[in-house]
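Heads up, the thing below is written out as structure tokens.
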Amino acid sequence: MPAVSTNDRDLALDAFRGLAVLGMVLVNLQGSGPVAFGAFEHAEWNGVTLADLVFPFFLLAAGLAVPLALDRRAREGVFAAVLRRAVLLFLIGVAINWLYRPSADPHALRVAGVLQRIAIVYLACAWLCLVIRGWRVPLIVAGLLLTVHGALLFVPAPGEAAASFGQGQGMSAWLDRLALPGRPFRPDYDPEGLLSTLSAIASGMIGVTVQRMVQHRGQHRGRTGGSSLRLIGAAAVLCLILAGVAALWWPFNKALWTPSFALLTTGLGLALWGLLRAVWSRLEASAWARRGALFVALLGQTALTLYVVQALLAGLLIQNVGEDSLWGLSFGTLSRIGLSPAWTSLLFAVIAGAVSIAITLWLRRRGWLLRL
């Protein structure tokens with residue numbers, strides 16, 4: 001069972017995306033954030049936890065997938081399809097935000113969000129893939145975006161005496177308050193805000209770069225798995241080294257999506273993707289391992305639909321029934337089992353995640369999937 005199947009679909013990449021969306025589901029559906037295991041909660045500000053890795057991994061997977069989807073297609077009419085998909089994904093994200101806090105006041109609507117950022121990164125990567133061949137330009141664009149974003153973070157915001165990386169402070173938060181449409185996620189900034197989108201796009205562009213380097217090496221030197229793995233490994237190590245250097249100036253911070261954070265998470269993501277490619281062919285030796293790997297890959301193939309389903313489920317669970325929400329009532333019922341609060345929170349996420357996966361698989365059988 002090769003990492004790239006007969007229809008040229010990278011099953012290891014599907015599995016990588018599947019692990020990312022599965023992580024998103026477990027993080028988003030924790031029964032109670034204050035009592036959850038620390039790995040499933042985002043860092044309060046600076047720092048990186050397991051929960052902070054899943055969204056960057058998803059953006060990296062988007063960048064890795066775009067060349068596979070677009071480079072061999074005829075160019076006529078493709079950008080219109082890309083734009084339509086990106087707009088649809090963005091609007092779905094906005095609609096989910098409205099369902100969480102319905103209001104007729106447009107200023108109360110949160111416009112930014114996870115799906116919206118995915119849409120922007122996908123659109124940027126796809127557009128560049130359509131107009132530019134090769135891997136060098138995406139790499140240059142990624143470097144420029146990281147550099148410009150990093151430099152702007154050192155510019156003092158109007159009304160502040162010095163640049164700040166503090167929560168709700170600095171150029172990033174000021175720009176969100178000034179120009180971000182609608183309501184920010186936090187009172188004075190949004191973790192998916194305007195300025196941090198620059199480095200988020202860079203995460204996707206690095207994925208485009210590495211994928212095209214792998215394709216280039218395969219076309220000109222033969223499809224040798226070892227050569228591709230060495231290239232992916234070298235790219236991962238380089239990103240991690242650059243992340244360590246960048247951390248001398250910028251802290252690891254997901255909300256700001258600092259250059260150091262982008263490079264760290266991209267390096268770790270590339271390492272995980274490379275590991276999956278390395279072990280994929282060995283999984284066929286074990287029937288249960290093969291079934292498990294293909295199931296995770298299937299989650300990756302239905303990732304956007306699964307994310308939307310779990311978001312809608314969360315929107316349902318936060319609805320009040322009497323004096324408490326369905327979420328609170330369900331978590332309270334599970335708490336009576338006798339597990340520790342952290343394990344109860346994880347069990348809640350597993351059950352809610354299993355329901356989300358079951359619904360997604362049913363939608364797949366019906367042919368009702370959201371695709372990029």
Practice task
Can you label the angle between the Trp368 ring and the Trp362 ring as parallel, tilted or perpendicular, going by 30° and 60°?
Solution key: perpendicular

Practice task
Check for a donor-acceptor pair, side chain of Arg212 on one end and backbone N or O of Cys129 on the other, with a separation under 3.5 Å.
Solution key: yes

Problem - Ile351 side chain near Leu334 side chain, heavy-atom distance below 4.5 Å - result: yes

Exercise for the section: For Ser32 and Ser345, indicate whether the former's side chain and the latter's backbone hold a donor-acceptor pair under 3.5 Å. Expected result: no

Problem - Nearest non-hydrogen partners of Gly267 and Cys239, listed with the distance - result: CA-CB, 3.6 Å

Exercise for the section: Work out which heavy atom in Ala243 is nearest to a heavy atom in Ser260; give both atom names and the distance. Expected result: CB-O, 3.7 Å

Problem - Over all atoms of both residues, closest heavy-atom pair of Ala352 and Leu313 - result: O-CD2, 3.5 Å

Practice task
Would you check if the side chain of Thr302 reaches a backbone N or O of Thr305 as a donor-acceptor pair within less than 3.5 Å?
Solution key: no

Completion exercise
In short, Thr360 meets Leu369 closest at the heavy-atom pair O-CD2, 4.2 Å

Handout entry: Gap between atom CG of Leu276 and atom CZ of Arg17 - 0.5 Å precision
Key = 12.0 Å

Problem - 4.5 Å side-chain heavy-atom contact, Ser103 and Leu109 - result: no

Problem - Side chain Ser196, main chain Glu192, donor-acceptor under 3.5 Å - result: no

Practice task
Compare all side-chain heavy atoms of Leu299 with those of Ile357 and state whether any distance is below 4.5 angstrom.
Solution key: yes

Completion exercise
Here the pair of heavy atoms bringing Leu70 nearest to Ala126 is CD1-CB, 3.6 Å

Handout entry: is_close_aromatic(Phe348, Trp327), centroid dist under 6.0 Å
Key = yes

Practice task
Check the hydrophobic clustering (I, L, V, M, F, W, Y; side-chain heavy atoms under 4.5 Å; chains of links allowed) and say if Leu298 and Val279 are grouped together.
Solution key: no

Exercise for the section: Using a 4.5 Å cut-off on heavy atoms from C-beta on, say whether the side chain of Lys254 contacts that of Thr49. Expected result: no

Handout entry: Phe79 reachable from Leu88 in the ILVMFWY side-chain graph, under 4.5 Å edges
Key = yes

Practice task
Answer yes if Leu346 and Leu339 sit in the same cluster of Ile, Leu, Val, Met, Phe, Trp and Tyr residues linked by side chain heavy atoms under 4.5 Å apart, and no otherwise.
Solution key: yes

Practice task
Answer with yes or no whether the hydrophobic clustering places Val350 together with Phe331; edges join I, L, V, M, F, W, Y residues whose side-chain heavy atoms lie under 4.5 Å apart.
Solution key: yes

Exercise for the section: With rounding to the nearest 0.5 Å, note down the distance linking CG in Leu194 to CH2 in Trp174. Expected result: 10.5 Å

Practice task
Inspect the surroundings of CZ in Arg177 and state if more than 12 heavy atoms from other residues, nucleotides or ligands are less than 6.0 Å away.
Solution key: yes

Exercise for the section: Starting at CG of Leu275, measure out to CD1 of Ile232 and round the result to the nearest 0.5 Å. Expected result: 11.0 Å

Problem - Rounded distance (nearest 0.5 Å) linking atom CG of Leu312 with atom CG of Leu317 - result: 11.0 Å

Handout entry: Close side-chain approach of Leu13 to Leu68, heavy-atom, < 4.5 Å
Key = yes

Problem - N/O donor-acceptor pair under 3.5 Å between Gln30 side chain and Leu26 backbone - result: yes

Practice task
Measure the acute angle between the ring planes of Phe154 and Trp250, then classify it against the limits of 30° and 60° as parallel, tilted or perpendicular.
Solution key: tilted

Handout entry: Residues Ser228 and Arg217: side-chain donor-acceptor under 3.5 angstrom
Key = no

Practice task
Carefully, step by step, assess Tyr122 and Val82 under the rule side chain to side chain contact (heavy atoms under 4.5 Å, CB included).
Solution key: CA-CA 9 Å; Tyr122 165 72; Val82 165; 3.7 Å; yes

Problem - Under 3.5 Å: donor-acceptor pair, side chain of Asp190, backbone of Phe185 - result: yes

Handout entry: Phe55 side chain near Arg117 side chain, heavy-atom distance below 4.5 Å
Key = yes

Completion exercise
d(Leu180 CG, Leu195 CG) to nearest 0.5 Å is 11.5 Å

Handout entry: Heavy-atom pair of closest approach, residues Leu283 and Ala293
Key = CD1-CB, 3.3 Å

Exercise for the section: Consider only side-chain heavy atoms of I, L, V, M, F, W and Y, link residues closer than 4.5 Å, and tell whether Val208 and Leu263 are in one cluster. Expected result: no

Exercise for the section: May I ask you to decide if Leu326's main-chain N or O and Gln319's side chain share a donor-acceptor pair within less than 3.5 Å? Expected result: no

Fill in the blank from the handout: Across all chains, not counting sequence neighbours, the ring-ring contact (aromatic ring centres under 6.0 Å, His included) partners of Phe37 are Trp343

Exercise for the section: Keeping the roles fixed (side chain from Gln116, backbone from Ala112), state whether a donor-acceptor pair exists under 3.5 Å. Expected result: yes

Exercise for the section: Report yes if the side chains of Phe58 and Ile118 come closer than 4.5 Å at any heavy-atom pair, otherwise no. Expected result: yes

Handout entry: Donor-acceptor under 3.5 Å (Tyr100 side chain, Ala314 main chain)
Key = no

Problem - Worked check of side chain to side chain contact (heavy atoms under 4.5 Å, CB included) between Arg277 and Asp10 - result: CA-CA 9 Å; Arg277 287 177 65 99; Asp10 189 338; 2.9 Å; yes

Exercise for the section: Decide yes or no for Thr265 and Asp52: does some side-chain heavy atom of the first lie under 4.5 Å from some side-chain heavy atom of the second? Expected result: no

Practice task
Step by step, work out the salt bridge (charged side-chain N to carboxylate O under 4.0 Å, His left out) result for Asp176 and Arg186.
Solution key: CA-CA 10 Å; Asp176 286 346; Arg186 303 295 183 189; over 6 Å; no

Exercise for the section: Please assess Leu268 against Leu272 for the test side chain to side chain contact (heavy atoms under 4.5 Å, CB included), listing each intermediate value before the final yes or no. Expected result: CA-CA 6 Å; Leu268 293 174; Leu272 177 56; over 6 Å; no

Fill in the blank from the handout: To the nearest 0.5 Å, atom CE of Met171 lies from atom CG of Leu256 at 12.5 Å

Practice task
Could you tell me whether a side-chain N or O of Asn253 sits under 3.5 Å from a main-chain N or O of Thr258, the two making a donor and an acceptor?
Solution key: no

Exercise for the section: Start with the C-alpha gap between Leu231 and Val214, add the side-chain angles, then the distance that decides, and say whether side chain to side chain contact (heavy atoms under 4.5 Å, CB included) holds. Expected result: CA-CA 7 Å; Leu231 191 155; Val214 169; 4.1 Å; yes

